[in-house]
Amino acid sequence: MKKIIIMSILQLIVTAAFAQNLTVKGIVTSEDSIPVASANIVLQNANSEIVTGVETDIRGEFILQNLIVGENYKLSISFVGYETQEFDFEKPTKDIDLGNIVLFKASIELQTAEVKARTTKMFDDRRIVYPTQKQKELTGDGITLLSSMRLPKLTVVPASNSITYWGRNGDLKLYINDVPATTEQILSLASKDILYIEYIDHPDAKYTGAGLVLNYVVKRFESGITGNVNANKSLNRNMFSGGIMLKANHKNSEFGIDYNFHTEKDTRNFDITDEQFNFSDGSVLQRYEKPLDVLGKGYGHNIALSYVYNKPQNTLFYIKSQYTYNKTPNDDIISNLYNFGIRTDTTMREINKSANAKQLYNEIFYRKDINEKQNVEIKAYNIFNETLMQNSYREYNNILDISNIQSTVNGKSYATLFRTDYSANVNKTDRILAGIIFTHKNIDNIYSGTDNSTTDINTLLAASYIQYSGRSGKLSYHARLLARLNRVSQKNENKYTRYEFAPLLRVAYQIKDDMWIDYRIIYAQHRPSLSDMSNSVQSIDDLQSRRGNPLLKTGNSIDQTLTGYFSVLNWDVTFTFEHLYNPKYIVEETFIENNKFVRIPVNMKYNHAFYNECEISTELFGFIEFSYTLGFNRFINKGETYKHYYGKWYNRLTGTLNMAGWRLDAMIWNHNNDFYGENLWTSGRGMVFTLLRTWFNGSLTTSLACYNPFSNYTKQGTVNYSNIAPYSNWTYSNTTHRLVQFGLSYRFNYGRNPVSDVSTRSNVKSDSGIINSNKAAAKAEKRN
């Protein structure tokens with residue numbers, strides 16, 4: 001009897017143990033009993049949160065693992081052109097075998113609805129955006145597909161393979177299945193292989209320096225070779241760029257090599273400068289520069305090698321090495337310099353520049369999923385930069401040289417980073433993230449010529465952070481505290497150690513299915529850059545010089561942002577209101593010393609910056625895509641001797657017409673300016689029209705683009721409002737005005753065999769997020 005009791009208890013324990021690891025499997029076929037490959041399999045819990053998702057393999061088979069006993073689930077099986085099949089599982093206690101699942105062809109009406117609807121899953125820190133089948137068919141590659149998805153704060157120009165991020169709190173970072181990627185690697189992706197894009201607009205602390213993260217989740221392949229060849233040739237300019245990418249897959253391993261180059265000759269970029277110098281004795285000198293001849297050319301190469309080992313839900317490892325070389329042998333300008341005031345003569349100004357820049361970058365990354373709730377990441381990289389710049393400035397008249405300044409900078413810099421991050425799900429809705437970072441940098445510059453000096457700066461940064469995220473009903477909350485130790489030494493003469501803190505608090509509330517609002521406040525401290533703290537002096541011309549300031553203090557900032565999103569019918573609206581308060585912000589000011597004007601970085605009293613923006617997007621009539629952004633920036637700057645106010649309206653417009661397999665894009669944007677201290681920076685304006693077409697079942701993409709067809713030049717620059725030495729410096733470029741550019745991208749593959757498990761860690765984690773479909777997508781799903 002005792003043995004029977006013990007055996008019964010053991011059986012219950014074993015049964016309970018296995019019940020914690022349930023699986024669901026099945027085979028998806030069509031009405032004709034043909035296996036349906038690449039059908040979407042999505043498993044959601046009772047809160048409509050994605051638990052996991054896979055695609056069927058070439059045999060139509062799928063398997064979902066690690067289901068928790070006692071939970072309610074909904075399984076959705078869908079494929080373009082077929083009706084969606086759904087299954088509800090009420091607290092399953094054993095493995096589920098659905099057997100053969102038949103998908104029935106949808107009516108024409110439903111097919112149209114599926115093609116037009118774009119499903120967006122809303123989390124509190126990201127959006128998961130599923131491209132439609134129509135978008136995949138009309139694009140062909142990852143860059144063009146992105147341009148058709150109308151994501152906020154992005155302008156994508158497929159002809160030049162450029163992605164512009166208009167946000168302010170960090171940079172755009174690109175990933176493919178959680179591995180860092182370049183625009184060239186995104187270009188190599190076939191649209192048909194892209195499952196969805198994670199639009200992460202509130203990145204975790206582990207994404208250092210990121211304001212927006214785009215993670216392309218694509219089909220994984222266990223064998224085969226894929227590649228891409230691309231080229232862009234300007235038809236009316238001497239400009240050419242291109243590249244080649246190759247990847248080889250074997251089981252969980254992927255080997256890659258990328259090579260890209262660019263060359264430009266006879267470029268025409270020139271500056272027009274208007275300066276005024278107010279001397280201590282009350283005399284005034286004004287100078288106006290007008291270029292006579294401009295000549296520039298340059299070229300560059302980039303090659304990268306990589307290895308990726310990716311075993312989903314278990315291990316991600318990659319290592320990459322990249323070498324970049326850029327050379328500008330000529331950047332020359334000859335101009336007339338007109339003088340007014342204490343001088344009324346006209347002189348000649350001749351500037352000759354050349355530069356060589358090399359960079360070697362090595363990175364290694366390892367992530368281990370300890371279990372379903374925990375993972376740890378380790379990342380390390382080192383960067384070596386070597387730059388040689390030569391600058392010759394000569395001002396003269398018919399009789400003699402007024403100034404002749406020669407400058408050579410031989411610079412070397414080293415940077416090493418090590419970081420580790422730990423993530424754990426506390427429960428079904430809460431998550432904790434913590435990490436430590438160590439960074440060491442060294443700058444060793446030698447300045448020679450008219451002025452001779454050296455810069456030898458070492459900096460050590462040690463930081464740690466902890467972040468907690470959770471959710472209660474429709475309310476999500478995030479809190480993060482980051483602490484840093486910053487130690488800087490310069491030639492063993494100037495040393496300092498500073499302790500800095502950067503807390504963050506964010507709450508998001510889901511008002512209803514297609515409406516949410518988000519508030520975030522960040523306190524941060526801004527360290528002076530190494531170049532600002534340099535003790536070197538460089539002459540600009542016979543009246544001006546620029547030098548560093550080792551006495552700079554750390555600046556502060558309080559950043560408050562209110563963001564919202566809602567959908568009305570087929571219109572998506574995103575708005576942002578941001579206030580940035582910067583006491584002790586570091587800006588450049590001008591002082592007079594010994595009758596010479598010295599430009600030096602200082603701590604201003606404060607800056608108030610207000611950023612307001614509203615973006616709307618929609619699709620009309622099934623073949624027109626439209627996105628429009630209206631914004632207004634307002635600045636208040638206070639220094640020791642000045643107070644400035646400035647406001648600026650700006651617009652961005654993107655429109656797309658899709659007809660008979662052809663795609664016509666129109667993009668227009670104007671100045672989106674920033675004003676800090678006494679310097680106004682203008683971002684420039686542009687206009688691009690692009691005609692695209694994909695051929696051979698999406699393998700080949702061709703484009704014909706025209707840049708700024710209605711203007712003679714593009715213009716951007718800086719305006720300084722100093723009461724001592726105000727100036728305006730505008731850079732004019734006729735290189736891109738009325739530029740006609742032809743581009744092509746060809747993708748090829750051999751022997752590729754996809755695996756069924758395509759999910760990534762960010763997709764299956766038990767995130768503390770809010771997930772819903774937008775209204776248009778929800779209606780389409782309901783119809784299906």
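Given the structure is predicted, the values throughout are model-derived calculations rather than measurements.
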Give, for atom CG of Asp559 and atom OH of Tyr523, the distance between the pair rounded to the nearest 0.5 Å.
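That separation rounds to 13.0 Å.
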Can you give me the closest heavy-atom contact between [X] and [Y], atom names plus distance?
| X | Y | value |
| --- | --- | --- |
| Lys233 | Met239 | CD-O, 3.6 Å |
| Arg150 | Phe626 | CD-O, 3.7 Å |
| Asn177 | Val217 | OD1-CA, 3.3 Å |
| Ser423 | Arg431 | OG-NH1, 3.4 Å |
| Leu174 | Thr182 | CD1-C, 4.2 Å |
| Lys153 | Arg652 | CA-NH2, 4.1 Å |

Passes side chain to side chain donor-acceptor pair (under 3.5 Å), Tyr628 versus Glu615? Steps please.
CA-CA 6 Å; Tyr628 176 70; Glu615 183 169 344; over 6 Å; no
Quick one: salt bridge (charged side-chain N to carboxylate O under 4.0 Å, His left out) partners of [X], sequence neighbours excluded?
| X | answer |
| --- | --- |
| Arg634 | none |
| Arg506 | Asp518 |
| Lys192 | none |
| Arg484 | Glu500 |

Going by an N to O cut-off under 4.0 Å, is there a salt bridge joining [X] and [Y]?
| X | Y | answer |
| --- | --- | --- |
| Arg419 | Glu377 | no |
| Asp421 | Arg367 | no |
| Glu198 | Arg126 | yes |
| Glu625 | Arg663 | yes |

Can you find a pair of side-chain heavy atoms, one from [X] and one from [Y], that are under 4.5 Å apart?
| X | Y | answer |
| --- | --- | --- |
| Leu316 | Asp178 | yes |
| Leu692 | Thr144 | yes |
| Gln467 | Asp204 | yes |
| Ile244 | Asn228 | no |

Mind telling me whether Tyr299 and His301 have parallel, tilted or perpendicular rings, with 30° and 60° as the class edges?
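Perpendicular, since the angle between the ring planes exceeds 60°.
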Go through the structure and list residues passing ring pair (Phe, Tyr, Trp, His ring centres under 6.0 Å) with Tyr676, not counting sequence neighbours.
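Applying ring pair (Phe, Tyr, Trp, His ring centres under 6.0 Å) to Tyr676 gives Tyr585, Phe635.
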Partners meeting side chain to side chain contact (heavy atoms under 4.5 Å, CB included) with Lys715 (sequence neighbours left out):
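Testing Lys715 for side chain to side chain contact (heavy atoms under 4.5 Å, CB included), a comparison that skips the adjacent residues, returns Tyr713, Trp730, Tyr732.
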Polar side chain donor-acceptor pair, Ser683 to Asn672, under 3.5 angstrom:
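Looking only at side-chain atoms, Asn672 and Ser683 do not form any donor-acceptor pair under 3.5 Å.
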Looking just at side-chain N and O atoms, do Glu613 and Tyr650 make a donor-acceptor pair shorter than 3.5 Å?
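Distance-only check passes for Glu613 and Tyr650.
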Can you confirm if the NZ or CZ of Arg127 lies within 45° of the ring axis of Tyr565 and under 6.0 Å from the centre of its six-membered ring?
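Relative to the ring axis of Tyr565, which defines the angle, Arg127 lies inside both limits.
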